[in-house]
Amino acid sequence: MKKYSKEIILGVFLIAIIGLSVIQYRYARIGLYVARIQFQQHLAEGFQDIQLDLMRENELTFLIYLVMDQDTNYLKMPLDSASTAASVFLHDFLQDRLLGVGVQAKFGYTLGLGKEGPVILEHFPFGKDTQALSHTIFLTGYLESRLGDRVRIKFYFNDLDNYLLHKLNWIVIPSILFLLLIILLTIWVFRRTYYQNRIITTTNDFINNLTHELKTPVFSIGIATKLLEHDPDMGGHPVLEHIKQQNDRLKVLIEKVMNLAEMEHRGYVMQLVTTEVRPLLDDLAREYQLKAKVEGFSFRADFPERVTLNTDWPNFRNALVNLIENAIKYGGTGVITLSVKATPRSYLFCVEDQGPGIPENRQEDIFKKFYRITEGQDYQQKGYGLGLHYVKQVVQFHKGRIKVESTPGKGTAFILVLPKG
Ligand code: ADP
């Protein structure tokens with residue numbers, strides 16, 4: 001069940017989002033439908049006003065009559081110009097009346113005699129679109145009596161869907177925004193949960209690991225103490241030495257955990273002191289050359305003449321030791337090199353081995369607390385996943401950075417870049 005729970009939650013989330021989107025879409029369609037009905041109602045009111053105003057004789061209806069009758073005696077201008085003027089005036093008048101009832105949609109119109117007579121006036125300020133939604137009204141009264149037939153005005157409403165959608169923007173835009181907000185929030189919660197789960201898993205691994213490691217020395221000390229209890233004469237060198245060894249193991253373990261805890265709670269303050277570390281590096285190298293002889297690996301060291309660092313040497317030394325111990329632990333019997341290179345602004349401390357390397361997709365994770373690579377033959381070594389995390393913390397405290405360069409099968413190099421002191 002646990003294995004599938006992530007997929008199930010994701011599935012339910014997707015269904016909910018799709019469902020919500022469909023409902024929103026349907027609401028928008030209903031909104032559009034209502035807006036269209038409202039538009040038709042406003043239009044009907046506007047048309048009534050227009051018909052009433054154009055029933056009577058006034059300057060506009062008189063001009064329309066003259067143009068339609070093509071009566072050039074009264075017109076003090078060419079018929080073409082009079083037609084243009086009449087069509088623009090009429091458009092302005094119609095627009096004014098429609099705006100009066102809240103219709104702001106763009107429109108054009110044609111005007112002709114009777115139901116199907118030829119078009120005499122027309123005005124399309126936004127381009128002629130005869131496919132657009134159209135409405136026809138008839139003018140009676142003054143014009144009908146002068147011209148002997150009703151006058152027809154056909155309105156064409158351009159881009160009506162866009163206009164209505166625009167009116168609905170206050171519903172549509174917040175809906176989309178809130179939907180996006182829900183999606184983003186859910187993704188964030190998913191990522192957080194995933195991250196927390198990973199921390200829980202790695203912490204559990206660490207606790208298991210640690211408990212396992214604690215068991216052996218505690219068990220050994222217990223047996224040794226029992227032996228001494230039964231036969232105090234056994235309290236000679238070998239049993240005491242054994243207790244001491246196991247006790248040291250316990251101390252190292254406890255120190256590792258304490259160090260990290262202190263560092264994380266910021267209670268642990270490192271003190272950076274300008275130090276010439278070349279002799280200290282030589283000491284460290286000698287120590288490992290000796291160990292190499294005993295344990296059967298090769299250790300090489302290469303340092304410049306002077307290495308002046310602003311450092312908390314005990315911690316920095318520990319960091320280098322951690323890297324070298326890892327190289328021994330994971331690097332097998334190949335050559336291990338500790339080298340320092342000077343660049344104009346920094347020192348590059350490099351610990352290199354010829355071990356199995358680290359897969360590229362793990363190279364970022366290995367610095368996380370408790371993280372260990374547990375699969376693969378070469379990773380049967382014991383550990384807590386604390387070493388590299390500690391090294392990174394120390395390096396950051398020195399205002400430096402750590403890089404790893406590794407080719408699986410060929411080896412690994414950890415490079416610490418530290419500013420010159
Ligand atoms: P630990 O060694 O206690 O597991 P570290 O933080 O020191 O923890 O290392 C984390 C992981 O990085 C190790 O589990 C190991 O898989 C990998 N690793 C570290 N150093 C090397 C190295 N020199 N070569 C190959 N793998 C390494």
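Because the structure is predicted, anything quoted here is derived from the model rather than measured. Every heavy atom of this structure was used, including side-chain atoms; hydrogens, water molecules and symmetry mates were not. Counting starts at 1 for both ligands and their atoms, in listed order. Start at 1 with the first residue, then count along the sequence.
- Counting only residues at least two apart or in different chains, salt bridge (charged side-chain N to carboxylate O under 4.0 Å, His left out) contacts with residues 342-358 are absent.
- Near F414, the atoms of ligand 1 lying under 4.0 angstrom from a non-hydrogen atom of the residue are 20 (N), 23 (N).
- Residue-level proximity to ligand 1 for N322 is absent, since no heavy atom of it falls below 4.0 angstrom.
- Ring pair F349/F414: centre-to-centre distance not below 6.0 Å.
- Residue contact check for ligand 1: G385 places a non-hydrogen atom closer than 4.0 Å to it.
- Salt bridge D365/K368: present, at least one basic N to carboxylate O contact under 4.0 Å.
- Residue-level proximity to ligand 1 for F367 is absent, since no heavy atom of it falls below 4.0 angstrom.
- Ion pairing between a basic and an acidic side chain is recognised when a charged N comes within 4.0 Å of a carboxylate O; E325 and K291 show such pairing.
- Between D282 and R286 there is no salt bridge, since no side-chain N of the basic residue sits under 4.0 Å from a carboxylate O of the acidic one.
- Assignment of K329 to the shell around ligand 1 is supported, since a heavy atom sits closer than 4.0 Å.
- By the criterion of a heavy-atom distance under 4.0 Å, both the backbone and the side chain of L388 are placed next to ligand 1.
- Nearest residue to atom 23 (N) of ligand 1 from I336, N326, D353, T412 is D353 (criterion: closest heavy atom).
- Residues meeting the salt bridge (Lys or Arg N to Asp or Glu O under 4.0 Å) test with K410, sequence neighbours left out: none.
- Across the listed options D365, V351, I373, I373 owns the non-hydrogen atom lying nearest to atom 16 (O) of ligand 1.
- Between Y371 and ligand 1, a contact under 3.5 Å exists for no N or O pair.
- The aromatic rings of F155 and F107 sit tilted relative to each other, their planes meeting at an angle between 30° and 60°.
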